[in-house]
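Please read the structure below before turning to the comments.
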Amino acid sequence: METVTLKITNDAVFEKILWLLNHIKEDGVEIVIGSEAKDLELLKATRDDESIPFDEYLKNED
């Protein structure tokens with residue numbers, strides 16, 4: 001999988017690119033816009049973090 005990040009300041013150009021990407025979605029293109037990208041990066045960073053069972057978490061709640 002490849003990722004491309006674009007920062008577009010012109011709204012008209014953004015709409016054109018979005019139109020194009022929406023037309024190739026069925027070919028396997030996933031569109032992530034704005035803050036969604038930051039959320040995905042944060043989630044990806046936690047992928048290898050050690051986790052504990054929820055019951056253990058609740059025991060240490062205080």
Side-chain angles (χ1 to χ4, degrees):
M1 174 174 62
E2 300 294 331
T3 301
V4 175
T5 303
L6 303 170
K7 294 184 187 230
I8 305 166
T9 57
N10 183 306
D11 289 341
V13 172
F14 173 77
E15 291 301 323
K16 289 177 183 179
I17 292 173
L18 188 58
W19 177 87
L20 173 67
L21 293 174
N22 278 317
H23 281 78
I24 57 174
K25 268 177 118 172
E26 62 194 34
D27 294 326
V29 173
E30 178 182 1
I31 302 169
V32 179
I33 299 174
S35 63
E36 295 173 357
K38 183 64 175 171
D39 292 345
L40 286 175
E41 285 299 317
L42 293 172
L43 183 60
K44 183 180 174 185
T46 64
R47 182 171 286 156
D48 295 325
D49 286 356
E50 184 178 331
S51 63
I52 61 170
F54 190 66
D55 293 340
E56 287 295 315
Y57 171 78
L58 290 177
K59 287 179 187 176
N60 298 314
E61 182 178 27
D62 298 326

Enter the distance from L21:CG to I33:CD1 here, rounded to the nearest 0.5 Å.
8.5 Å
On a heavy-atom basis, the closest approach of F14 and I8 is N-CG2, 3.7 Å
Working to the nearest 0.5 angstrom, can you tell me the gap between I31 CD1 and I17 CD1?
11.5 Å
Starting from V13, can I reach W19 by hopping between I/L/V/M/F/W/Y residues whose side chains sit under 4.5 Å apart?
no
Measure the spacing between CG of L18 and NZ of K16 and express it to the nearest 0.5 Å.
13.5 Å
